[in-house]
Amino acid sequence: MGDDTELTRWVVHGERLVYDNRWIRLGLADVEIPGGERFEHHVVHLDRAAIAVVLDKQDRVLLMWRHRFVFDRWGWELPGGLVEAGEDPMLTALREVEEETGYRPESLEHLVSYQPMAGMVDSEHSLFVGRGAELVGRPEGEVEADRIEWVPMAEIPGMVARGDIWTSGTLVGLLQAQVWLNGRGRG
């Protein structure tokens, strides 16, 4: 691959804040695209998120059946949540698994970090994977899920095809976990 980054690089001349609260910051970036055209482009800034793929020795994954009101849709999701200021994303993932499911992972390791909608949203997602978890209690706080189940990884492709798994973090996490399992995660 050639280095053509200068041919397609957008230049950002600044950004002004339009809206700001605990959950979302909306800005208008003053950008210039190749060829010289200059305009304002919306940019959404969200906190980072950490998501965990917890597997047991039988290659089952810990999933939660959740309703998402924005879409009025149900689906299976991996546990995860927002990274608090100054918090290590791995600690976020460990904390969220326990809070949302009642299970405490034995350990986690970093799989991948990605941006789910890079065209206008800044919200880094860090994915972690680990084997084994101990049931230490009931999920805490607000109800996060209707059901919490250990689902065989072999069933995941069918669940995706039926639309039972449809959120980006869960899709990317399960795909990366399968790669991990096919590599060094079998032990």
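With rounding to the nearest 0.5 Å, the separation of CG in Leu175 from CD1 in Ile156 is 11.5 Å. We find the CG-OG1 distance between Leu78 and Thr167 to be 7.5 Å, quoted to the nearest 0.5 Å. Separating the CD1 atom in Ile33 from the OG1 atom in Thr8 is a distance of 11.5 Å, to the nearest 0.5 Å. Taken to the nearest 0.5 Å, the OG atom of Ser113 stands 6.5 Å off from the CZ atom of Phe128. For the atom pair CZ of Arg95 and CG of Asp88, the computed distance is 11.0 Å after rounding to the nearest 0.5 Å.
Across every non-hydrogen atom of Leu62 and Pro79, the tightest pair is O-CD, 3.7 Å. Nearest heavy atoms, Trp166 versus Phe71: CH2-CD1, 3.5 Å. Minimum heavy-atom separation, Gly130 to Leu108: N-CD2, 3.7 Å. Ala177 and Leu111 get closest at one heavy-atom pair: N-CD1, 4.0 Å.
Val83 and Val54 are assigned to two separate hydrophobic clusters, defined by single-linkage of ILVMFWY side chains at heavy-atom distances under 4.5 Å. Cluster annotation: Val160 is connected to Tyr114 through the hydrophobic network of ILVMFWY side chains, with a link wherever side-chain heavy atoms come within less than 4.5 Å. When the side chains of ILVMFWY residues are joined at heavy-atom separations under 4.5 Å, either directly or via intervening members, Leu82 and Val53 end up in two distinct hydrophobic clusters.
Look at Asp146 and Arg66 and you find no salt bridge, because none of the NZ, NE, NH1 or NH2 atoms lies under 4.0 Å from a carboxylate O. Salt-bridge formation is not detected for the pair Asp122/Arg25: no Lys NZ or Arg NE/NH1/NH2 atom is positioned less than 4.0 Å from an Asp or Glu carboxylate oxygen. Using a cut-off of 4.0 Å between Lys/Arg side-chain N and Asp/Glu carboxylate O, Arg131 and Asp59 are scored as salt-bridged.
Side-chain contact of Asp72 with His67: a donor-acceptor pair under 3.5 Å is present, judged by distance alone. Residues Glu15 and His45 have side chains that bring a donor and an acceptor to within less than 3.5 angstrom of each other. Looking only at atom types and distance, the side chain of Glu32 has a donor-acceptor partner in the side chain of His13 under 3.5 Å away.
The side-chain hydrogen bond (donor to acceptor under 3.5 Å, both in side chains) test applied to Glu77 returns Arg68, not counting sequence neighbours. Residues passing the side-chain hydrogen bond (donor to acceptor under 3.5 Å, both in side chains) test with Gln176: none are found, sequence neighbours excluded.
With hydrogens and angles ignored, the 3.5 Å screen pairs no side-chain donor or acceptor of Trp76 with any backbone N or O of Thr170. Of the possible donor and acceptor atoms, none in the side chain of Glu99 sits under 3.5 Å from a partner among the backbone N and O of Glu96. With hydrogens and angles disregarded, no donor-acceptor distance shorter than 3.5 Å links the side chain of Ser126 to the backbone of Pro89. Counting only distance, with no hydrogens or angles, the side chain of Glu100 and the backbone of Gly80 share a donor-acceptor pair below 3.5 Å.
Shown here is Arg60, whose CZ atom has more than 12 heavy atoms of other residues, nucleotides or ligands within 6.0 Å. Surrounding CZ of Arg147 are more than 12 heavy atoms belonging to other residues, nucleotides or ligands, all under 6.0 Å away.
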Under the side-chain hydrogen bond (donor to acceptor under 3.5 Å, both in side chains) rule, what do Thr92 and Glu87 come out as? Steps first, then yes or no, please. CA-CA 7 Å; Thr92 301; Glu87 186 176 33; 2.7 Å; yes

Between Asp30 and Arg16, is the salt bridge (charged side-chain N to carboxylate O under 4.0 Å, His left out) condition met? List the steps. CA-CA 8 Å; Asp30 175 7; Arg16 67 182 168 91; over 6 Å; no

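Using cut-offs of 30° and 60° for the angle between ring planes, the Trp150 and Tyr103 rings count as perpendicular.
The side-chain heavy atoms of Gln115 and His125, taken from C-beta on, include no pair separated by under 4.5 Å. Within the 4.5 Å cutoff, no side-chain heavy atoms of His41 are placed close to those of Leu28.
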